[in-house]
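One structure is given here, and the rest of the page talks about it.
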Amino acid sequence: MKKTKRIIAVIISVLMLVGAIPLTAFAATTVTDVDLSLDVQPGTRMENYEEYITVNSQGVEFCDDFGTTVAISEIYEEEFYWPSTEYFNYGCDYEIKVLLSAKDGYTLPAKEGQMNTVTVNGEEVYFEIVTEENLDGGETTVIVVYATVIMDKTISDVALTLAPVADYSIEDYYRYVSIDSLGVDFEETLDSGVIVTDSLGNDPYYYFIADEEYTFEICLTPAWGCEFAKDEEGNISLGEVTVNGEAVDYTAHIQKDRGYIEYIIITVKTVVEVKTVIDTIEITIAEDLKGCDVADYAEYLTIETEGITIDEDDPYAIYAYNSNYDDVYTFDGGDIYILCMNFIAEEGYFFSPDGVVIKINGEEYYMTTYDSYENEDGVNVEYIYAEYVTDFVGGFFDLVIAWFNDIFSRITQFLFGWI
């Protein structure tokens with residue numbers, strides 16, 4: 001019994017002692033050391049920063065309170081520029097700015113001088129501690145860490161994809177020759193980047209012809225800031241050169257008469273592929289668009305041409321804005337809308353090099369040419385961009401309201417447009 005009373009007395013004493021401890025004793029731990037690991041490889045997409053930046057310190061984490069967690073600049077002759085591509089490339093120098101905030105239970109010092117070390121890959125780097133208004137209207141204190149990355153400049157391997165198609169324009173070699181490896185460009189200073197001859201060794205007609213075999217001389221040079229790998233004697237010596245996944249031979253050249261230019265020439269033969277050419281795109285757009293969501297384009301837009309579809313991988317494949325050039329997400333009454341659409345060709349089809357006629361609701365709208373972009377997988381996507389200006393959307397009362405709004409807008413513009 002005495003033993004039990006003694007235990008209870010000890011517990012009570014501990015509780016009283018805890019109650020007497022000031023609240024400051026439970027204050028957050030101040031972070032005084034920050035360490036990051038940085039592993040940047042050519043081809044890594046810049047937006048995927050968690051793939052190449054590791055936070056090793058326990059008290060901090062990536063901060064997204066400002067909408068931008070990692071900002072990257074490309075450095076050229078000690079000046080900082082917006083990156084020329086969305087991924088890290090050979091031969092380039094970059095500055096990476098990382099925003100870090102304190103985790104729960106931790107806090108950052110008020111001044112830089114209160115930090116012990118800030119390191120990236122074990123090396124001390126420049127940093128700042130700032131408190132700024134965040135996206136929610138509050139304030140967040142962050143440590144901004146700056147790191148410089150110098151990419152490898154030596155190109156050892158080259159990979160190409162060659163896919164010519166009957167009726168392609170021969171001069172448009174960017175369309176049928178894809179450089180799949182980074183740090184390499186077409187050499188266009190000395191001659192055309194790709195020289196094509198027919199089966200007789202002559203200059204071919206303007207377009208590729210079905211079932212004809214062609215010889216392609218593809219001339220490549222290192223991209224800006226890069227160089228090809230060399231042997232001990234200074235001659236170009238690459239590890240592997242492939243076309244469509246198959247190893248091929250090449251000839252190496254270094255030109256010094258017109259400035260220093262190093263390049264290789266790859267010579268391959270192939271018979272062109274046959275696809276269906278698309279020179280007209282016909283679509284039908286509903287006349288009554290009021291209440292339709294722009295994103296639900298299947299409800300108001302019908303593609304009449306075989307082999308054509310909406311580019312669903314492009315977030316801006318379908319969008320619209322009104323007469324005031326404001327983005328809209330639902331068609332409302334009493335206004336006109338500019339509907340913007342991106343179309344792509346399905347497998348086995350391609351866009352005519354001479355242009356594509358756009359027909360909307362049975363009437364010829366205009367002619368346009370194809371364009372292209374590189375998607376997140378590094379694949380070149382060809383698309384046709386079209387705009388369609390609607391009539392005033394809505395019924396009679398919508399048109400009346402629109403008329404008064406237009407009059408009011410004109411009066412306001414006349415009275416105050418000079419201000």
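Computed from heavy atoms alone, side chains included, the values below leave out hydrogens, waters and symmetry copies.
Between Tyr174 and Phe186, the distance separating the two ring centers is shorter than 6.0 angstrom.
Within a 6.0 Å radius of CD in Glu213, other residues, nucleotides and ligands contribute more than 12 heavy atoms. In Tyr260, the OH atom is crowded: over 12 heavy atoms of neighbouring residues, nucleotides or ligands sit closer than 6.0 Å.
Side-chain contact between Asp354 and Tyr207 is present, with heavy atoms from C-beta onward closer than 4.5 Å. Within the 4.5 Å cutoff, no side-chain heavy atoms of Tyr321 are placed close to those of Val294. Side-chain atoms of Ile209 and Tyr214, non-hydrogen and from C-beta on, do get closer than 4.5 Å to each other. Put simply, the side chain of Glu212 does not reach to within 4.5 Å of the side chain of Tyr205, judged on heavy atoms. Under the 4.5 Å side-chain criterion, counting only non-hydrogen atoms from C-beta, Asp332 is not in contact with Asp335. Residues Leu100 and Phe62 form a side-chain contact, since some pair of their non-hydrogen atoms from C-beta on lies under 4.5 Å apart. Annotation: side chain of Gln41 is not in contact with side chain of Phe88 (no heavy-atom distance under 4.5 Å). Taking the side chain as every heavy atom from C-beta outward, Tyr383 and Asp314 never approach each other to under 4.5 Å.
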Assess the residue pair Arg175 and Glu382 against the criterion (side-chain contact (heavy atoms from CB on, under 4.5 Å)); give the C-alpha distance rounded to whole Å, side-chain angles, the decisive distance to 0.1 Å, and a yes or no.
CA-CA 9 Å; Arg175 190 174 196 180; Glu382 295 181 356; 2.8 Å; yes
Are Ile303 and Ile310 close enough, and set up right, to give a side-chain contact (heavy atoms from CB on, under 4.5 Å), and what steps lead you there?
CA-CA 9 Å; Ile303 300 174; Ile310 294 292; 4.1 Å; yes
List the steps and the verdict of side-chain contact (heavy atoms from CB on, under 4.5 Å) for Thr276 and Glu306.
CA-CA 10 Å; Thr276 302; Glu306 185 177 351; over 6 Å; no
Using ring-ring contact (aromatic ring centres under 6.0 Å, His included), reason through Phe216 and Tyr173 one step at a time and then give a plain yes or no.
CA-CA 10 Å; Phe216 298 81; Tyr173 54 82; over 10 Å; no
For Leu220 and Val241, what are the C-alpha separation, side-chain angles and deciding distance, and is it a side-chain contact (heavy atoms from CB on, under 4.5 Å)?
CA-CA 11 Å; Leu220 303 174; Val241 177; over 6 Å; no
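In this structure, Phe208 and Tyr176 have perpendicular ring planes: the angle between them is above 60°, well past the 30° mark. Between His253 and Tyr263, the ring planes lie parallel to each other; the angle is under 30°, not in the 30° to 60° tilted range.
Checking side-chain atoms of Thr85 against main-chain N and O of Tyr87 turns up a donor-acceptor pair under 3.5 Å. Using modelled atom types, one side-chain atom of Asp198 and one backbone atom of Leu200 make a donor-acceptor pair closer than 3.5 Å. The closest donor-acceptor contact from the side chain of Asp64 to the backbone of Gly67 lies at 3.5 Å or more, if one exists at all. Glu74 places a side-chain N or O within donor-acceptor distance of the main-chain N or O of Ser84, the cut-off being under 3.5 Å. A distance-only check finds no donor-acceptor pair linking the side chain of Asp293 to the backbone of Ala295 [under 3.5 Å].
Residues Asp33 and Thr117 have side chains that bring a donor and an acceptor to within less than 3.5 angstrom of each other. Side chains of Tyr370 and Asp172: a donor on one and an acceptor on the other come within 3.5 Å. A side-chain N or O of Asp311 and one of Tyr373 form a donor-acceptor pair less than 3.5 Å apart. Side chains of Glu304 and Thr302: a donor-acceptor N/O pair is absent below 3.5 angstrom, by distance only. Side-chain atoms of Glu387 and Tyr366 include no donor-acceptor pair closer than 3.5 Å.
One finds the CZ atom of Phe351 at 11.0 Å from the NZ atom of Lys275 (value rounded to the nearest 0.5 Å). A distance of 8.5 Å separates OG1 of Thr141 from CD1 of Ile129, quoted to the nearest 0.5 Å. Separation of atoms CD (Glu227) and CG (Asp152) is listed at 9.0 Å; rounding is to 0.5 Å. To the nearest 0.5 angstrom, Glu240 atom CD is 10.5 Å from Ser181 atom OG. We find the CG-CG distance between Asn56 and Asp35 to be 4.5 Å, quoted to the nearest 0.5 Å. Atom CG of Asn244 is separated from atom CG of Leu160 by 8.5 Å, given to the nearest 0.5 angstrom.
When all heavy atoms are compared, the tightest approach of Val31 to Val34 is CG1-CG2, 3.9 Å.
Salt-bridge annotation for Glu262 and Lys230: present, with a side-chain N of the basic residue lying under 4.0 Å from a carboxylate O of the acidic one.
Sorted by first then second residue, the ring-ring contact (aromatic ring centres under 6.0 Å, His included) pairs that include residues 230-250, not counting sequence neighbours, number zero.
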